[in-house]
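Start at 1 and go down the list; that is how both ligands and their atoms are numbered. Note that these values count all heavy atoms, side chains included, but never hydrogens, waters or copies made by symmetry.
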Amino acid sequence: MRVNCLRISVTDRCNQRCVYCRPREDCDFIERAEILRYEEIERIIRLFADCGIDSVRLTGGEPLVRRDVVSLVAALARTEGIEQVALTTNGVLLESMAADLKVAGLTRVNVSLDSLQAETYRKITGRDDLARVLRGIHRALAVGLQPVKINAVILRRINLSQILPLAALSIDLPVTVRFIEYCPTNGGTEPADDYVPYTEVRRMVEERFGCLSDAVIVPGNGPASYFKINHAAGMLGFIAGRSTVFCSSCSRLRLTSDGKIKSCLYSARPYDVKKLLRGRASDEQVRELLTQIIAQKAGISRRDPLAEEFCMRKVGG
Ligand code: SAM
């Protein structure tokens with residue numbers, strides 16, 4: 001599998017407190033001086049592009065809370081060799097920023113939305129933002145961000161009842177609703193038995209809406225598999241990160257907000273690229289590290305002895 005995607009966590013800060021991502025008392029932020037500056041991110045991406053990375057996704061934390069993130073999008077979109085600049089966001093600030101992001105060169109957006117019911121939404125995120133997020137999704141569609149994908153993590157004890165309403169969203173709107181299996185990442189998040197396997201989600205959807213048909217698979221579209229409800233405007237996707245292992249088809253690397261590169265979400269061995277940059281390494285030296293990381297990625301599997309616990313908002317989900 002060619003490694004061509006990089007997810008960049010631009011900040012570990014977030015304006016929500018999702019139960020599966022960060023527990024409420026969580027306040028262990030990375031010091032500002034340790035967070036990569038925009039010019040550092042831009043340099044890393046320029047050098048990664050030389051090594052075959054052509055697709056980047058900004059995530060976090062919440063990428064839209066980082067000051068002037070639109071200018072970072074514009075700089076990355078201008079980088080020679082970078083063809084896609086995407087964003088994963090909770091959507092809270094999307095309504096006001098979607099048009100500027102589109103003009104800056106953003107191509108596509110994934111919006112996290114785990115419930116269409118206000119109380120359940122608040123239970124998961126700790127915030128009353130549902131209406132704003134829905135307006136953000138409509139705005140993203142209106143300005144032509146393509147495709148708009150909705151990411152829903154399903155937790156048995158909290159939002160099992162939201163599977164059908166979320167699936168129905170793909171009937172009315174030209175969006176792709178993706179059900180993501182919950183992956184416990186550390187002792188502070190929800191218990192592991194809250195996880196709902198994608199087979200169960202799919203069965204519920206098919207019982208209500210009939211057999212799903214295979215959707216056209218876009219090559220290089222990551223770990224999700226895509227389907228359609230009959231006559232729907234949009235699609236459904238399943239990301240079975242817990243019940244299946246898709247390491248052999250994984251084409252992505254991650255850059256953490258404090259400048260570490262991880263070849264796998266679960267990898268315990270990050271590479272400290274910030275240390276090289278701040279130690280005045282030449283482009284050649286940085287490129288050498290990036291090339292080595294890409295070459296080593298092929299041998300990594302989630303079944304290997306794994307990482308210590310990690311915090312999703314720091315690594316970037
Ligand atoms: N704040 C942004 C957002 O809400 O989309 C970007 C960061 S968030 C960490 C990125 C994605 O990771 C979200 O779609 C979220 O649902 C997913 N995520 C976070 N923790 C997860 C977990 N424990 N298991 C599965 N998905 C998780």
Practice task
Could you name each residue pair satisfying side-chain hydrogen bond (donor to acceptor under 3.5 Å, both in side chains) that touches residues 131-141, not counting sequence neighbours?
Solution key: E95-R135
Exercise for the section: Could you tell me if any non-hydrogen atom of G61 lies under 4.0 Å from any atom of ligand 1? Expected result: yes
Practice task
Between N151 and ligand 1, find which residue part has any heavy-atom pair under 4.0 Å and reply side chain, backbone, both or neither.
Solution key: side chain
Exercise for the section: In plain terms, say whether R156 and D194 are close enough for a salt bridge, that is, a side-chain N and a carboxylate O under 4.0 Å apart. Expected result: no
Exercise for the section: Kindly compute the distance separating CD (E40) from NZ (K274), expressed to the nearest 0.5 Å. Expected result: 8.0 Å
Exercise for the section: For this output row, return yes or no: ring centroids of F227 and F238 closer than 6.0 angstrom. Expected result: yes
Handout entry: V153-ligand 1 polar pair, N/O distance under 3.5 Å
Key = no
Problem - Proximity to ligand 1 by part of V111, non-hydrogen separation under 4.0 Å - result: neither
Exercise for the section: Go through ligand 1 atom by atom and flag the ones less than 4.0 Å from a non-hydrogen atom of T59. Expected result: 6 (C), 7 (C)
Completion exercise
With sequence neighbours left out, the residues meeting side chain to side chain donor-acceptor pair (under 3.5 Å) with E83 are none
Practice task
Could you tell me whether T88 approaches ligand 1 through its side chain, its backbone, both or neither, with non-hydrogen atoms closer than 4.0 Å?
Solution key: both
Handout entry: E62 N/O to ligand 1 N/O under 3.5 Å
Key = yes
Practice task
Mark the output for E181 as yes if a heavy-atom distance to ligand 1 is under 4.0 Å, and as no if none is.
Solution key: yes
Handout entry: N or O contact, Y182 vs ligand 1, cut-off under 3.5 Å
Key = no
